[in-house]
Amino acid sequence: MMDVELLSRLQFAGTIMFHYLFPPLSIGLGLQLFLCELAYVRTGHPAWESAARFWTRVFAVNFAMGVATGIVMEFEFGTNWAAYSRFVGDVFGSALAAEGIFAFFLESGFLAILVFGWDRVGPKMHLFSTLMVFLGSVFSAVWIVIANSWQQTPAGYHIVWQEIQGESVPRAEVTDFWAMVFNPSSVDRLTHTLIGALVLGAFFVASVCSFYLLKQRHEEVARRCLSIALPSALVFTLLAAITGHDSAQKLVETQPAKLAAMEAHFETTDQPTGLYLFGWPDAENETVHFGVRVPWLLSLMVYNDPRKPVPGMDQIPESDRPPVWLPFQMFHLMVSLGTMMIVAAGLACWTWYRKTYQHHCWLMWAIVLMPLAAMTANQAGWITAEVGRQPWIVHPSIQDGVEMMGLRTKDGLSESVTAQQVLSSIVMFAVIYSLLFAVWIFVLNSKIQHGPETMDELAKRKRDRAASKMSERIAHGGTGRGGGLMEDEAG
Amino acid sequence: MSYDTITLVWFFLLGVLLTGYAILDGFDLGVGILHPFIAKTDRERRLVMNSIGPLWDGNEVWLVTFGGALFAAFPNAYATVFSSFYAAFHLLLTCLIGRAVSLEFRSKVHSPAWRRFWDAGFFLSSITAAALLGIAGGNVMGGMQVGPMFQYQGGLLDQLYWYPLLVGALTVSLFALHGAIYLFLKTEDELQQRVRSRILPLFYCFAFLYAAVTLATWVHVPHATETLSRHPWLWIVPVLNALAVLNIPRAMHLGKPGYAFFTSSMVIAALASLFSVAIFPNFVLSTIDPAYSVTLENARSSHQTLITMLWIAMIGMPCVASYTITIYWIFRGKVQLDSNSY
């Protein structure tokens, strides 16, 4: 029989990875949608309107999935990780509550206008709503990444021993809210995560539009959207590399164990440290099979100095070492996919600039496949970050010279929950999520196959709407030339 | 502000969030419960679903924020409640996911079987969610088997005895009634007449269950009336509540459905207040030994966190109120289908 810890970790990992398919796409697509709509408001061209309406429909399907799977995460802290919730509620809870008040209300409120408001509000108000939904999803990421970063590199708190029923129970309490928010890793992790989302959004739009060009459908809309999506894909992939590099450099101070795991760097020596391009780490024998190593490179990357040795896994007490294989492979997967995306975006932009993009079928097909790479890279990055901090759910830290206790993942569980209960919830999630995933792919595919409306359809719909408004006005006793306008607005 | 005062303030604010959730998501859960009995054709079903289309998502955020605020302000209460309702809350999650995707996916494919599937999903998840909220509330009212160090010692079956089930039936009927009045406001013609014909039977059903739960609480939950007997002026709450209940058919009879909707919202607010008053000063009363109970005092966060959160709430809530009102204003009037509808 499997134990509660393993099952709870599997459940959390599974539900959060499934959830994490959607928010990055919502954030990234949100920006692309906003740019399309901005172009529409600035130029008034119907092709932009058609594009914006189309991306709105795709966005809505994705957003609903993100919302539906996101509530699960909030519940799971309490249902499966009650001991953790008691330990960190004072700190983590306030970030979560801030997310609710500052982000969720904003995005869900303006989402109504974004999706259902096309014919109810003017283009400027609609553009504003799109911006608000985008900002809402960004704020949501901000608070969640802050909460997560605090667990990785805690700051602005102290441990208080509370007397409960004759027992002393520790818990983390905030002493400095802003130090908690801007803990040593928040800003780096946040920028890298957000940019990862923007990369995905840009490639998603570029992918669908390149597909249309290949199939010679909706070419006008596709070309316009590509002129936004390709440059933004290039900018964001480059920024992703820069921010990723920054975060990795910070790791050597804040989370050396994670860095050592990501690089399968087992033994500290006086020599400069090399970097494995790939390999098969074996934590038991503390070696890397089939590894190809570039000398000095890790030292150079981490310290901007090729001679300074990087601390390895042997500096970490044995009981505090994270697993190595998974962070190593996921980190290397993310970096290689990132490099590939920079190359693809660079080539696409270059050919686009030379007006030869459409002559390179292979390049267009490569761009069609890029969202998969971006999605995989996002997931791989997340796995690296989360597995690399084990066995801690809240990392120990030093505050004002005092060493603060952390919380191990195995001590964060709900004591009253049985393996049976967790297993049945995993089965339930597996069934529902598989069904949802199939439906999501199916609906997304049918939206993309259908594509944006043609200019004729758009014009016809506007005529129909005007006509129905006219008949309403007449029905309300107006003249049909605007005489009943006041009544219309009152009704 | 003293530590005890701000603890009370947060207990009150949680009550506000819970009330807001029950009033707002109450009507869209009610619409979900009613739609198979009211809407006959595909067009009518779409009208019914689109009556809550732009609103249900924002309504549900009240629950999410309630959860986050409970986590932050009273972490022990959050941990005990959520881990004791393990199975019930996972089922609730399933329902919330089911509702969201049923609404989103139903009209995406022109196939009767596809639409029947999501119709069934929408109905089942709405009615189960409404019942589970009541069942959880009933258990909290009645007290739970909380042992030392706030650990729940009961099982799933201990949560499914007659009292919580009765409260679950009450919330289903209440939300159905609230949803029916909302639908009456949003629909026209034949569909509206059909909605109207359901309101009175739903009202009798609710009134009967309301009386039954009141009686049952009197007998089964003696501590619920303790706060009332200590502060007799609080009797005004149940009295107003009963009057509000009776005002629903009156308002409908007077032909003022907006007033009826306001009244049913007030009934929900009064019931939520009664719930808060009844459990005070505990979050979860232990049926094993009152000393094991999760109380306001042993569940709360640090003074500083409560203050910080109050700042967050004071900055956030006016914003929330302003765009909630804006959105309800933009989507006022009778529901109409257009190219953006579900």
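The structure presented is a predicted model; accordingly, all values stated were derived computationally and were not measured. Chain identifiers are assigned alphabetically (A, B, ...) following the order of the sequence lines, protein sequences preceding nucleic acid strands; residue numbering begins at 1 within each chain.
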Can you tell me which portion of [X] sits under 4.5 Å from chain B's heavy atoms? Options are side chain, backbone, both or neither.
X        : answer
A/Leu114 : neither
A/Ala95  : neither
A/Glu453 : neither
A/Met132 : neither

Query raised in the report: Does the gap between the ring centers of A/Phe139 and A/Phe102 come in under 6.0 Å?
Result: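 No, too far apart.
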Requested in this report: For this output row, return yes or no: ring centroids of A/Phe110 and A/Phe128 closer than 6.0 angstrom.
Outcome: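 Under 6.0 Å, so yes.
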Requested in this report: For B/Tyr3, look at atom OH and say whether over 12 heavy atoms of other residues, nucleotides or ligands are found less than 6.0 Å away.
Outcome: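 Result for OH/B/Tyr3: enclosed.
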Looking at [options], which one has more heavy-atom pairs under 4.5 Å with chain B than the rest?
options                               : answer
A/Phe429, A/Trp118, A/Phe105          : A/Phe105
A/Gly117, A/Ser425, A/Ser414, A/Gly70 : A/Ser425
A/Leu96, A/Ile101, A/Val121, A/Leu436 : A/Ile101

Query raised in the report: Which class fits the ring pair A/Trp143 and A/Phe177: parallel under 30°, tilted 30 to 60°, perpendicular over 60°?
Result: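 If you compare the ring of A/Trp143 with that of A/Phe177, the planes turn out tilted.
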Query - Check: A/Glu76/A/Thr15 side-chain N/O donor and acceptor closer than 3.5 Å - result: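 There is such a pair (donor and acceptor under 3.5 Å, judged by atom type) between the side chains of A/Glu76 and A/Thr15.
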